[in-house]
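Below: the structure, in structure tokens.
Remember, predicted model here, so these are calculated numbers, not experimental data.
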Amino acid sequence: MRYVAIIFTGCLCLLTGCHSIEMSHIAYNARKEHFEYRSLFKTVELRDEQLALIDSSNVEAFKTSLYLHAFNYPFSLRSEQAALLSSSDWELAACFNNIHKALTDHQYNTVFADARHIRTIYPEA
């Protein structure tokens, strides 16, 4: 009967997508400027409930949230949703790169065309 309870508990944890997180496995990635969870199998970028990456500005609130949720972290719910960049993402990045280059080269007049193009790709910009 004890084995049935253990199996049931294990299945329940898998279905909820929450796993207990070890605070000692949380590390700051200075190159990326945010915190990660490093396990034996993979490294996961940590996110809060609003899916924002955990950095120095929100790490204390994140730790408090972990404590309040008994150190359970819903890895499956907080993982990066986009696997690949779309063609419009690449086009948008290219426009921003062109703007940066134009500003660096003091070619201010060419910035406006790329800025207008960004608005056609991404109207909220």
Side-chain angles (χ1 to χ4, degrees):
M1 189 57 137
R2 183 170 31 161
Y3 295 115
V4 172
I6 291 172
I7 292 172
F8 178 75
T9 304
C11 289
L12 185 62
C13 286
L14 288 174
L15 290 174
T16 60
C18 291
H19 299 284
S20 183
I21 197 168
E22 294 286 331
M23 293 299 288
S24 62
H25 291 257
I26 295 176
Y28 183 72
N29 184 326
R31 186 178 61 80
K32 294 181 178 179
E33 297 182 344
H34 62 257
F35 286 86
E36 300 173 331
Y37 185 74
R38 298 176 183 164
S39 70
L40 293 175
F41 304 108
K42 65 180 181 176
T43 300
V44 176
E45 296 173 329
L46 294 172
R47 296 176 180 273
D48 62 13
E49 293 173 0
Q50 291 76 33
L51 301 181
L53 289 170
I54 304 303
D55 59 20
S56 57
S57 69
N58 60 0
V59 68
E60 292 305 319
F62 177 74
K63 288 178 183 179
T64 302
S65 176
L66 276 179
Y67 175 76
L68 293 174
H69 292 98
F71 298 96
N72 287 324
Y73 182 81
F75 286 95
S76 61
L77 297 176
R78 295 189 186 171
S79 63
E80 182 66 39
Q81 300 300 317
L84 300 173
L85 294 174
S86 68
S87 61
S88 64
D89 292 333
W90 286 104
E91 190 176 359
L92 188 63
C95 284
F96 276 111
N97 186 42
N98 291 342
I99 289 172
H100 180 266
K101 184 175 179 351
L103 290 173
T104 303
D105 296 341
H106 305 287
Q107 301 295 321
Y108 304 113
N109 292 332
T110 61
V111 171
F112 298 108
D114 282 316
R116 280 190 295 276
H117 188 64
I118 287 173
R119 296 285 305 258
T120 63
I121 300 168
Y122 187 62
E124 294 86 14

So, for F71 and Y73, is the gap between ring centers shorter than 6.0 Å?
-> no

Each residue besides L40 in its hydrophobic cluster should be listed here, by chain and number; the cluster joins Ile, Leu, Val, Met, Phe, Trp and Tyr at side-chain heavy-atom distances under 4.5 Å.
-> F41

Between the OG1 atom in T64 and the NE2 atom in H69, the distance rounded to the nearest 0.5 Å is 11.5 Å

Report the C-alpha separation of L77 and L51 in whole Å, then their side-chain angles, then the decisive distance to 0.1 Å, and conclude whether the side-chain contact (heavy atoms from CB on, under 4.5 Å) test is met.
-> CA-CA 9 Å; L77 297 176; L51 301 181; over 6 Å; no

What distance separates L46 CG from D55 CG, expressed to the nearest 0.5 Å?
-> 11.5 Å

Candidate pair R47 and L53, rule side-chain contact (heavy atoms from CB on, under 4.5 Å), full reasoning | CA-CA 4 Å; R47 296 176 180 273; L53 289 170; 3.7 Å; yes

CD of E60 to OG of S65, rounded to nearest 0.5 Å, is 12.5 Å

Joint hydrophobic cluster, L103 plus F112, side-chain heavy atoms closer than 4.5 Å | no

Rounded distance (nearest 0.5 Å) linking atom CG of D114 with atom SG of C95 | 5.0 Å

For the residue pair V111 and I99, what are the closest heavy atoms and their distance?
-> CG1-CG2, 4.0 Å

Determine whether N29 and F35 make a side-chain contact, defined as any pair of heavy atoms from C-beta on separated by less than 4.5 Å.
-> no

Verdict with supporting geometry, E91 and H117, side-chain contact (heavy atoms from CB on, under 4.5 Å) | CA-CA 10 Å; E91 190 176 359; H117 188 64; 2.6 Å; yes

Pairwise distance CG(D105) to CG(N98) - rounded to 0.5 angstrom = 11.0 Å

Parallel, tilted or perpendicular: which fits the ring planes of Y37 and H25, with parallel below 30° and perpendicular above 60°?
-> tilted

On a heavy-atom basis, the closest approach of F62 and R78 is CE1-NH1, 4.2 Å

Between K32 and E45, is the closest basic N to carboxylate O distance under 4.0 Å?
-> yes

Check against side-chain contact (heavy atoms from CB on, under 4.5 Å), I21 and N72 | CA-CA 6 Å; I21 197 168; N72 287 324; over 6 Å; no

Count the heavy atoms belonging to other residues, nucleotides or ligands that lie under 6.0 Å from CZ of R119, then report whether that count exceeds 12.
-> no

With the side chain counted from C-beta on, respond yes when T43 and E36 share a heavy-atom pair under 4.5 Å apart, and no when they do not.
-> yes

Looking at side-chain heavy atoms only, is the closest gap between Q107 and K101 below 4.5 Å?
-> no

Hphob cluster co-occupancy, Y122 + W90, side-chain heavy atoms under 4.5 angstrom | no

What closest approach, in Å, do P123 and T120 show between heavy atoms, and which atom pair accounts for it?
-> CD-O, 4.5 Å

What is the distance from atom CG of N58 to atom CD of Q50, rounded to the nearest 0.5 Å?
-> 9.5 Å

